[in-house]
Each structure stands twice: as structure tokens, then as C-alpha cells.
Amino acid sequence: MKTSRRRFLQGSLAGAAGLAAPMSTWARPIGANDRINVAVIGARGQGGGHYNDALRNAHGGQAMAVCDADMAVVNQRKADADKASIKVETYQDYRKLLENKDVDAVIIATPNHLHSLIAIAALQAGKHVYVEKPVSHNIHEGRLLVQHAAKHPDLICQHGMQRRSDAAWVQIMEFVKSGAIGKPVVSRGFCYKKRESIGKVSGPQQPPSTLDYNLWCGPREMEPVHRKQFHYDWHWQWPWGNGDIGNQGPHQLDVARWVLGDPAANPERVISIGGRFGIDDDATTANTQIAFYDFKPIPMIFEVRGLPQADMNFRGRMDRYKGVVDIGNVLECEGGYVAEGKAYDKAGKEVAKFNKNDGAGHRRHFFDAIRKGKLEDTHNALTGHLAASLAHMANHSYRLGKVTPSEQIREHLKGNALFTETFERMLTHLKDNKLEADLSKIVIGPMLQLDPASEKYTGEFAAEANALDMEVYRKEFSIPTA
């Protein structure tokens, strides 16, 4: 992956200026009592929320099993079920759970690197699948998930991006189409979310004694653990996580492309800039990142900020774009803009309001789809894959980047007014946090070229980018082609 500086500048920065089928024989039909037996795989955090709701049958699916590589989590969830006088079966290995013919549907909330692997295995086992975002850890396995879902049309495979179940976004899009605030100019997504240091260890740490580390690693190599907090902080290390652009980001990346007409393919070009600023810890992902997606005719820009508004004060406020949005979306048009649930004219005067609920009925939508035997395209594996792919594309550009002084970055972006403005605000953000010294440590990635049909990179840096995306899978946990 070593590249000359001349090749890097020529091949990356210069591009910034242009910126009804038969049911599978093994799929068990829903019983006469209309009960859907649910198993939750990955039962910490978000998975714990899914599990608790399934215990109460809150959204139309009843918990009957729970699985986690950490038996401490499994035992706690079993205790929760016992208190509610509900019988659940317990598993540490998802493969054993998938052999249970009484399980109708699985909800997957494991670490990111296991999402596609387990979702595909569940489809092959005849289970309906709800898989959390991002649905994949890379573009390649996300496309395999789409192919496997298509191979099992009798099974529902829904992503976990709740905003697809919020009718307000449909209303917003109709409002924009009406021309009330003019033609769209740029679609923006934001993740301004505080992320403090995860700490720095002096050497390898032991995984929890209650955890099967082989199962937890799955397709990834069983590398020594270099983080204080084993759970959750994997989000900020590349083998398992995707940074906040792939954590919180898919929700807003999805809406940002949805308002562009829900394009059926990825953009042909992407470039990303950022770094891990103000913090020296064991994380490897960026805590400040911007990405430009060259959708035609309307581009898309995404921003990640993990640092506070000013003075590295993590007890203080976060920035808000236009004073309104920290985590969310803004669609800028010629005569105004939409910021989350409100529309404004160019002067910033509110001209319309939409009642958002952030997709409160998203999980119920999954179970209703199982009963109906049909899932809308807005909720399917392809939609989840394309949103996740945007995060992966940005990360590939960033990871292949080089540290470049801000003055040089500014010079090479000068032909792209929208991204230049975004970069200047990023610089101001770093200065507000007294990080002037870091202005010489910013990483700018190459402008990567993607063939939307094959979803493979082409041209300069193609070999490096495709190698990053393919990753390496241990034989025991390899993902089968469809």
C-alpha cells in the first residue's frame, strides 16, 4: 500500500474538483396462533433492547432463545426471562441456535464484523432476519447478503435503520419534489456525537473469562486485545468496527441517499478527509471525518465529529450545523433547506414542519412483513447494503490517505466549493478545541473510483482499496457465495 507522494497527489487530490416464489422446503410456516418465535443473537446494548421487547412481545415477536459469545450476557438474559416467567433457550454458538427448527426469526445485534456472516447463515437455515446496522463490515460481504436474501424470497431480511419506518421522511421528500424551496443542491448527513478516549493499555489484555474469543472473533484473526473495555470499544478498531461513520452514520447516510431518490447503486467516486485528533488512545478509526460522495447530479457530504464544541470540554455542548442539527440530515436547496423535521427558507424562517417519530414502529414492521410474506424495498437487504457501503467507501479512502498540511489540502480542494466549505468548518472546529498543532496532521484520502455494477474499485489505488474491502476470513467462518 506504499505510494509515492507524487502519485498520491496526482491520483487522488486532483479528482476532488469534479466532484413470487415457492417456499423453501425447510422454512417453517408461522403457526395457526400467529406466534413468531424470536431468537436474539448478540444481547448487549441494542441487542438487550431487542431482547427485552421480545420478552414482552412488544412488537409482535415472542422471545424463545438468546445467544451471545459471552455467557455472562446469556446468563443475565436468562435471569431476565425467569423473572418474567418466560422460558427461553440459551446458546453461546449462533450455529447451534440456527439448528433449532422452532426459531422463526433472528435479530442480530452482534459486533459489526459478524452481521453479514450470521445473517447469511440464518437465511440458509430458513430463518427470517432482522440485522442491525451496518448490515456489513465491508462492501463485498454486504453484496453477498443481498444475493443470499434474493435467493430466499420466502424469507424476510430487514435492516435496522429505523428512519425507513418514519412516514415523515416520505412527506419531506414529497415537499422537496413540490419545488417549494427550489431544486436540491446538496444532501448532508451529520454525526456530531461526543466520543471520549477509550484509554491506552501497556500490553495485550485478556478477554472476559466468560467469553468464547474464537466465536467472538469469527472471521477475523484472534489478535491480542488492545483496549481497556473489551465490549463496545471494538467500534473504534478496524478489524471489528467501522468508526462512527459506520456506527451512527448508516442511519443518516441512508436518509441522505434516500432524499436523492434512493439510487439503486453506489456513487462512482468518493474522497474522505479526517484524523484522530486531540486524543492518544488505542482506537484506530477517525474521530473527525468528512466525506464527499459524487452522486450525480446532486452530491452528498457526510461529517463526523467526536470532539465537543470547544476547548476539549466533553461536558460541554456539541456543534450544530446551521444551529439546528448535530445528529441528522440537512437537504440544501436553491431556495432554502430541510433540517430534520423542519423546512426553512433562505433567510432561515421556518416554512413547514413534519412530525417525525424516528421509526418507532420499525421492529413491528419486520414482524408484520413476516406475517404478510412481503417486505418493501425501502426496508430490504439492498437498502441496508447501500447505506453501509457509503461508510465503507469513505473509510477506504481515509485509510489509504496521507498526512498532508491543511494549506495543501485547501489548494487541492479549491475547485469543489461545497467540500471546501465543509473542510473549512472542520478546521474551525479543531481550532475551537485548541488543536492548532493538529492542522498539520490531517489525513486526506485518494479520490477512489468505483464501478457501481461490480462494486469493485478501478483506476488509481484500486488494488489497495479492493484489498481493504475483501479482508481475510478464517476458514471456519468463511462467507459462502450465493
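- Using a distance-only test at 3.5 Å, with no hydrogens or angles considered, a donor-acceptor pair links the side chain of Asn395 to the main chain of Asn242.
- Side-chain atoms of Lys127 come within 3.5 Å of backbone N or O of Val103 as a donor-acceptor pair.
- Here the side chains of Ser397 and Ile444 are not in contact, with every heavy-atom distance at 4.5 Å or above.
- Formation of a donor-acceptor pair under 3.5 Å by the Asn287 side chain with backbone atoms of Gly306 is not found in this model.
- In this structure, Asp254 does not pair ionically with Arg163, as no charged nitrogen and carboxylate oxygen lie closer than 4.0 Å.
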Please report the C-alpha distance between Arg474 and Asn214 in whole Å, then the side-chain angles of each, then the deciding distance to 0.1 Å, and finally whether the side chain to side chain contact (heavy atoms under 4.5 Å, CB included) criterion is met. CA-CA 10 Å; Arg474 290 195 289 156; Asn214 178 57; 2.8 Å; yes
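- Between Lys342 and Val324, the closest side-chain pair of non-hydrogen atoms is not below 4.5 Å.
- Atom CD1 of Ile41 is separated from atom CD1 of Ile108 by 5.5 Å, given to the nearest 0.5 angstrom.
- With hydrogens and angles left out, the side-chain atoms of Glu141 and His115 include no donor and acceptor closer than 3.5 Å.
- Put simply, the side chain of Val170 reaches to within 4.5 Å of the side chain of Trp258, judged on heavy atoms.
- Panel note: side chain Thr420, backbone Ala417; no donor-acceptor pair is recorded below 3.5 Å.
- Here the CG atom belonging to Asn138 is positioned 7.0 Å from the CD1 atom belonging to Ile479, to the nearest 0.5 angstrom.
- Using a 4.5 Å heavy-atom threshold, the side chains of Val129 and Leu155 count as separate.
- Under the 3.5 Å distance criterion, the side-chain polar atoms of Gln124 are left unmatched by any main-chain donor or acceptor of His148.
- Residues Pro239 and Glu223 come closest through the heavy atom pair CG-OE1, 4.1 Å.
- Remark: Glu455 CD to Ile139 CD1 distance equals 6.5 Å, nearest 0.5 Å.
- Residues Ser165 and His379 approach most closely at OG-NE2, 2.8 Å, considering heavy atoms.
- Of all heavy-atom pairs between Leu390 and Pro267, the closest is CD2-CD, 3.7 Å.
- With ring centers used as reference points, His113 lies 6.0 Å or more from Trp238.
- Under a 4.0 Å N-O distance rule, the pair Asp262/Arg164 qualifies as a salt bridge.
- Relative to the six-membered ring of Phe295, Arg269 misses at least one condition, a distance below 6.0 Å or an angle of at most 45° to the axis.
- Considering OG1 of Thr284 and CH2 of Trp240, their distance stands at 8.0 Å, rounded to 0.5 Å.
- Side chains of Lys133 and Asn247 form a contact here, defined as non-hydrogen atoms less than 4.5 Å apart.
- A 4.5 Å side-chain heavy-atom check between Gln449 and Glu460 finds every atom pair outside the cut-off.
- Using a cut-off of 4.0 Å between Lys/Arg side-chain N and Asp/Glu carboxylate O, Glu464 and Arg399 are scored as not salt-bridged.
- In this structure, Ser406 and Leu427 approach most closely via the heavy-atom pair CB-CD2, 4.0 Å.
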So Arg257 and Met300, side chain to side chain contact (heavy atoms under 4.5 Å, CB included) or not? Walk me through it. CA-CA 7 Å; Arg257 58 174 294 277; Met300 188 175 118; 4.2 Å; yes
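- A donor-acceptor pair under 3.5 Å is formed between the side chain of Asp281 and the backbone N or O of Ile198.
- Within a 6.0 Å sphere centred on CD of Glu268, heavy atoms belonging to other residues, nucleotides or ligands number 12 at most.
- Glu471 and His140 form no side-chain donor-acceptor contact under 3.5 Å, judged by distance and modelled atom types alone.
- Checking side-chain atoms of Ser116 against main-chain N and O of Val135 turns up a donor-acceptor pair under 3.5 Å.
- Ring planes of Tyr192 and Phe190: perpendicular class, angle over 60° (limits at 30 and 60°).
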Walk me through whether Phe302 and Gln289 qualify under side chain to side chain contact (heavy atoms under 4.5 Å, CB included). CA-CA 8 Å; Phe302 198 84; Gln289 186 175 7; over 6 Å; no
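- Between His159 and His385, the distance separating the two ring centers is not shorter than 6.0 angstrom.
- The minimum heavy-atom distance between His429 and Asp319, with the atom names listed, is ND1-OD2, 2.9 Å.
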Could you go step by step and tell me if Val338 and Ile181 meet the side chain to side chain contact (heavy atoms under 4.5 Å, CB included) rule? CA-CA 9 Å; Val338 177; Ile181 54 175; 3.8 Å; yes
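- By the 30° and 60° cut-offs, the orientation of the rings of Trp236 relative to Tyr232 is perpendicular.
- For the atom pair NZ of Lys402 and OG1 of Thr404, the computed distance is 8.5 Å after rounding to the nearest 0.5 Å.
- Looking only at distances, no side-chain donor or acceptor of His251 sits under 3.5 Å from a matching main-chain atom of Ile327.
- Below 30°, between 30° and 60°, or above 60°: for Tyr457 and His396 the angle between ring planes is above 60°, a perpendicular geometry.
- Looking only at atom types and distance, the side chain of Ser136 has a donor-acceptor partner in the side chain of His392 under 3.5 Å away.
- Enclosure of atom NZ in Lys322 by more than 12 non-hydrogen atoms of other residues, nucleotides or ligands within 6.0 angstrom is indicated.
- Lys193 is not listed as a side-chain neighbour of Asp326, based on a closest heavy-atom distance of 4.5 Å or more.
- Under the 3.5 Å distance criterion, with hydrogens and angles disregarded, no donor-acceptor pair is assigned to the side chains of His226 and Asp282.
- Counting heavy atoms from C-beta outward, Ile442 and Phe423 have side chains that approach closer than 4.5 Å.
- To the nearest 0.5 Å, atoms CD1 (Ile118) and OG1 (Thr110) are separated by 4.5 Å.
- Under the salt bridge (Lys or Arg N to Asp or Glu O under 4.0 Å) criterion, the residue pairs touching residues 238-248 are Arg195-Asp244, with sequence neighbours excluded.
- Put simply, the side chain of Ser272 gets close to the backbone of Ile290: a donor and an acceptor are under 3.5 Å apart.
- Without hydrogens or angle criteria, Ser187 side chain to Ala256 main chain gives a donor-acceptor distance under 3.5 Å.
- The aromatic rings of His50 and Tyr130 sit perpendicular, their planes meeting at an angle over 60°, well past the 30° parallel limit.
- The two residues Ala339 and Tyr344 have their closest heavy-atom pair at CB-CE1, 4.0 Å.
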